[in-house]
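What follows is a short report on a single structure.
Chain letters run A, B, ... following the sequence lines, proteins first and then strands; every chain starts at 1. Because only heavy atoms are used, hydrogens play no part in the values below, and waters and symmetry mates are left out as well, while side chains stay in.
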There are 2 protein chains.
Amino acid sequence: MSRREEIVDAAERLLERAGPEAVTMRRLADELGIQAPSLYKHVAGKPEIEAALQQRALQRLAAALEAAPDLPSLAAAYRDWALRHPRLYEIATRLPLARERLAPGVEAAAAAPLLRVTGGDLTAARALWGLAHGLVDLELAGRFPPGADLDAVWAHAMAERVVAGPGPGGPG
Amino acid sequence: MSRREEIVDAAERLLERAGPEAVTMRRLADELGIQAPSLYKHVAGKPEIEAALQQRALQRLAAALEAAPDLPSLAAAYRDWALRHPRLYEIATRLPLARERLAPGVEAAAAAPLLRVTGGDLTAARALWGLAHGLVDLELAGRFPPGADLDAVWAHAMAERVVAGPGPGGPG
DNA sequence: TCTCTGTGGCTAACGCTGTTAGCTTAGACG
DNA sequence: CGTCTAAGCTAACAGCGTTAGCCACAGAGA
């Protein structure tokens with residue numbers, strides 16, 4: 001494993017263990033038993049590390065959604081993964097997408113499961129993504145009042161036809 | 001106008017003019033012609049300023065939504081305000097809600113317009129909020145591919161019944 | 001074997017951040 | 001006139017990302 005990969009691994013560990021504000025160049029170096037400036041022998045700077053984490057997060061999220069056969073299970077998987085990996089989810093979605101640093105295909109792979117459950121309808125897939133992301137983002141930010149029944153909100157949101165076409169009996 | 005209000009005003013000006021990373025205690029002090037440590041005579045720290053900005057942003061957003069008579073115009077107003085004031089929108093929604101610092105009623109006032117168009121259905125209002133917020137958040141973060149037809153996405157999302165009950169002819 | 005070169009560490013330092021301690025000055029009040 | 005408070009000031013601290021420059025070691029080539 002290259003030193004660069006070790007650095008990104010350590011960053012991910014640090015992120016999940018201690019939160020995003022703990023991912024500093026000095027603490028990251030500590031984690032590897034070296035000094036902060038030595039990191040720059042392997043990595044251009046912090047943004048590059050963040051982009052690598054973002055790519056990883058997108059791949060993990062995509063993997064978590066892959067198996068979902070239909071809309072309800074996709075929604076459940078999406079929410080479940082985000083709540084289980086809030087810091088990774090944040091870095092996957094809050095950071096402006098660093099497309100130029102992203103390996104080709106990563107974005108498409110993350111989008112694929114949503115497209116699948118909308119039968120290839122791009123507009124519907126984006127609406128679905130907005131809905132799922134918005135609910136997760138607000139939940140993670142603690143914006144719903146404590147005690148709000150979010151299961152009910154998700155059930156409501158996914159039962160209504162945000163996603164599919166003209167409804168039951170329609171083209172799928 | 002109290003010095004504290006002047007500080008929050010200056011912070012808002014700075015935020016809208018130069019972005020969130022420009023809102024530092026030193027630049028804020030510059031804007032007021034004083035030195036950074038003097039700010040602490042009027043304000044406990046930066047989080048307090050951010051909470052004040054968040055409250056302001058919520059009030060502005062609520063005001064922008066107030067006049068919307070129905071779902072389509074509410075959705076349009078929501079997106080429009082967010083795109084026009086991206087930094088304020090960010091601070092309104094990305095920051096964990098500092099409920100203990102928030103003036104009473106602000107949260108409810110911001111929620112009211114959404115509740116109105118869902119006929120008082122709290123679950124539907126939350127789903128609607130998630131949808132609108134998610135779409136706006138992803139758009140602001142530059143997550144949709146350049147050239148994506150977001151008007152169509154919004155039209156699709158709002159045409160489907162994320163929000164209302166059992167559909168046209170239903171209880172409204 | 002000697003040298004040369006690249007790799008990957010190191011320390012010191014710079015300018016930035018939020019924040020604290022402690023001093024001073026202006027104005028109000030008894 | 002004396003005193004107290006409000007609101008400014010400078011100096012400083014720890015932590016941030018980052019750069020410059022130095023050094024030790026590994027491996028390659030003559």
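Contacts of residues 20-48 of chain A with DNA chain D (heavy atom under 4.0 Å): A:Val23, A:Thr24, A:Met25, A:Arg26, A:Arg27, A:Pro37, A:Tyr40, A:Gly45, A:Lys46, A:Pro47. For the segment residues 10-18 of chain A, no residue has any heavy atom less than 4.0 angstrom from an atom of DNA chain D.
The pair A:Asp149-B:Arg126 does not meet the salt-bridge criterion, since no charged nitrogen lies less than 4.0 angstrom from a carboxylate oxygen. The pair A:Arg87-A:Glu90 does not count as a salt bridge, with every side-chain nitrogen at least 4.0 angstrom from each carboxylate oxygen. Between B:Asp9 and B:Arg3 there is no salt bridge, since no side-chain N of the basic residue sits under 4.0 Å from a carboxylate O of the acidic one. Electrostatic pairing of B:Asp151 and B:Arg79 counts as a salt bridge here, judged by a charged N lying under 4.0 Å from a carboxylate O. Residues A:Arg94 and B:Asp137 are not paired through a salt bridge, judged by the lack of any N-O separation under 4.0 Å between the basic side chain and the carboxylate.
Every residue two or more places apart in sequence or in another chain that forms a side chain to side chain donor-acceptor pair (under 3.5 Å) with B:Asp80 is listed here: B:Arg84. Checked against side chain to side chain donor-acceptor pair (under 3.5 Å), B:Ser73 has the following partners two or more places apart in sequence or in another chain: B:Asp70.
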Quiz item: Passes side-chain contact (heavy atoms from CB on, under 4.5 Å), A:Leu131 versus A:Met158? Steps please.
Solution: CA-CA 9 Å; A:Leu131 178 56; A:Met158 295 301 160; 4.0 Å; yes
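With a heavy-atom cut-off of 4.0 Å to chain A, the contacted part of DNA chain C has its first and last nucleotide at C:dG8 to C:dA13.
Listed by first and then second residue, the ring-ring contact (aromatic ring centres under 6.0 Å, His included) pairs involving residues 58-81 of chain B are B:Tyr78-B:Tyr89, B:Trp81-B:His85 (not counting sequence neighbours).
Nearest heavy atom pair, residue A:Val8 against residue A:Ala52, reads CG2-CB, 3.8 Å.
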